[in-house]
Amino acid sequence: MEGYVYEYAVPFEYPASQEDVFAALTDPEALKTWFAEHVTVEPQTGGAYRFWGKHTYGTPSEADASQAITAFDPPNSLSFTWHIEGQDSEVTWVVKPEGDNTSKITVRHEFDQLPAIGRAKEMIDDLWRFHTGNLAFYLMGDQKIFRPDFDDPSPIVRHEIDIDAPPEKVFKALMEPEQIKQWFPAPEPVVDPKVGGEYSFGFTYEVDGETVPMPSMTILELVENQTLTMTWGDWRGDPNVPDQKIKWTLIDLGGRTRLLLEHSGFVRTVDVSDYPFGWLEFVQAIKSVSEAL
């Protein structure tokens, strides 16, 4: 099994100074808010950087937590060991200032041997996508931090928002291609409004340097102005990963609407990836589109 180096340059700026970002990476109370259930930090090279609990992949108990700092250069970078999926590895956070009171982060995760599990590279990528998303929410003072429980066999991403528009308008935003374009980067949405019908965003993106079309969805449940449920394929286009499920529920509040989103069917908890943050952005955009109709 060969070694592997993962590097993720987070594609957005963090709304904090370099010093404040580095503090969020090293202060135990901050880390307990956005990163792990239990944390011990000795801020020096050779010191402990131990984290464990239900929110930590593969490290549920204190006995499993042997992480230690291998390089400490405040406020620029921090490296630490992490024994994960039976393999030793090293993680490096690099923080760079970017303009006034903003920062950029790169995460490097290096393994001597890639873990002998299915979709190991995808696991590592998804792991850092939700951790860096939670860090962003923490630095923004947002309360919608999503720390998955790795003991949960059926994780679900949920969002709820109240919209100052009746269900008919919210349903229109979900079902009409011209409205979908306003809240999702979908160049050519296709909606066949019936059970078994197609629901497609017509969207492509880059995966490992290749252009991948976003999988078309199938409508599973459709009740006008009330419910829309559909399949959701693996975003990387892997046909061996079972479909997940998206469910939209519209609750009539007497001229207003409470919109509920549930994204379920993940094979493993780490597959949640950055969905909590992406869906929050889209739910807020649906609110704006619906209220403008």
Side-chain angles (χ1 to χ4, degrees), residues 12 15 129-130 133-134 136-138 140-149 152 154-203 205 214-235 243-266 271-293:
F12 53 83
R129 285 176 179 270
F130 66 68
N134 277 332
F137 274 28
Y138 170 78
M140 290 187 294
D142 201 300
Q143 298 303 308
K144 298 185 183 297
I145 290 173
F146 183 91
R147 295 189 301 172
D149 181 350
D152 185 355
S154 302
I156 299 177
V157 175
R158 291 186 177 91
H159 285 301
E160 174 182 317
I161 195 167
D162 288 352
I163 300 173
D164 192 17
E168 293 81 6
K169 290 189 176 182
V170 179
F171 195 74
K172 184 176 181 180
L174 292 172
M175 296 298 295
E176 293 191 358
E178 288 305 312
Q179 303 306 323
I180 293 171
K181 290 180 183 180
Q182 305 303 312
W183 61 266
F184 195 94
E188 297 295 336
V190 174
V191 179
D192 183 8
K194 64 182 181 184
V195 173
E198 179 184 10
Y199 191 110
S200 173
F201 290 122
F203 183 68
Y205 38 78
M214 185 172 183
S216 177
M217 287 90 72
T218 300
I219 296 175
L220 303 175
E221 181 183 13
L222 184 65
V223 179
E224 188 173 4
N225 303 328
Q226 295 182 36
T227 305
L228 168 64
T229 305
M230 54 194 177
T231 61
W232 185 271
D234 176 64
W235 72 269
D243 283 345
Q244 298 154 22
K245 186 167 68 174
I246 301 293
K247 182 175 183 179
W248 300 97
T249 302
L250 290 70
I251 301 173
D252 190 348
L253 301 178
R256 303 176 72 247
T257 305
R258 178 161 296 153
L259 179 65
L260 309 178
L261 164 73
E262 293 182 319
H263 186 163
S264 61
F266 300 100
D271 294 344
V272 164
S273 190
D274 52 7
Y275 281 124
F277 318 110
W279 279 124
L280 178 62
E281 179 181 347
F282 294 136
V283 165
Q284 292 171 336
I286 291 169
K287 171 180 170 70
S288 297
V289 171
S290 302
E291 292 178 348
L293 286 172

Quiz prompt | Interatomic distance, Lys144 atom NZ to Phe277 atom CZ [nearest 0.5 angstrom] | solution = 12.5 Å
Self-check item: Flag side-chain contact, heavy atom, 4.5 Å: Pro167 against Gln226
Solution: no
Exercise. Could you check if a side-chain atom of Glu221 sits within less than 4.5 angstrom of a side-chain atom of Trp248, using non-hydrogen atoms only?
Key: no
Practice problem: Identify the heavy atoms of Ala186 and Ile180 that sit nearest to each other, and give their distance. | Solution: CB-CG2, 4.4 Å
Self-check item: Test: Lys245 and Asp243 ion pair at under 4.0 Å
Solution: no
Practice problem: Taking the side chain as every heavy atom from C-beta outward, state whether Arg158 and Leu260 have any atom pair closer than 4.5 Å. | Solution: no
Quiz item: Quick one: do the Glu198 and Ser216 side chains pair a donor with an acceptor below 3.5 Å?
Solution: yes
Quiz item: Is there a donor-acceptor contact under 3.5 Å from the side chain of Thr218 to the main chain of Thr231?
Solution: no
Quiz item: Are Ile246 and Leu261 side-chain neighbours, meaning at least one heavy-atom pair lies under 4.5 Å?
Solution: yes
Quiz item: Can you tell me how far OG of Ser290 sits from CD of Glu168, rounded to the nearest 0.5 angstrom?
Solution: 11.5 Å
Quiz prompt | Phe146 and Phe130 aromatic centres sub-6.0 Å | solution = no
Quiz item: Any side-chain heavy atom of Trp183 within less than 4.5 Å of one from Val283?
Solution: no
Exercise. Could you tell me the separation between the CD1 atom of Ile251 and the CD1 atom of Ile163, rounded to the nearest 0.5 Å?
Key: 11.0 Å
Self-check item: Minimum-distance pair of heavy atoms, taken over all atoms of Phe171 and Leu250
Solution: N-CD2, 3.6 Å
Quiz item: Between the main-chain N or O of Asp162 and the side-chain N or O of Lys287, is there a donor-acceptor pair closer than 3.5 Å?
Solution: yes
Quiz item: Taking the inter-plane angle between the rings of Phe282 and Trp279 on a 0 to 90° scale, is it parallel (under 30°), tilted (30 to 60°) or perpendicular (over 60°)?
Solution: perpendicular
Self-check item: Least distance between heavy atoms, Met217 atom then Phe201 atom
Solution: CE-CE1, 3.5 Å
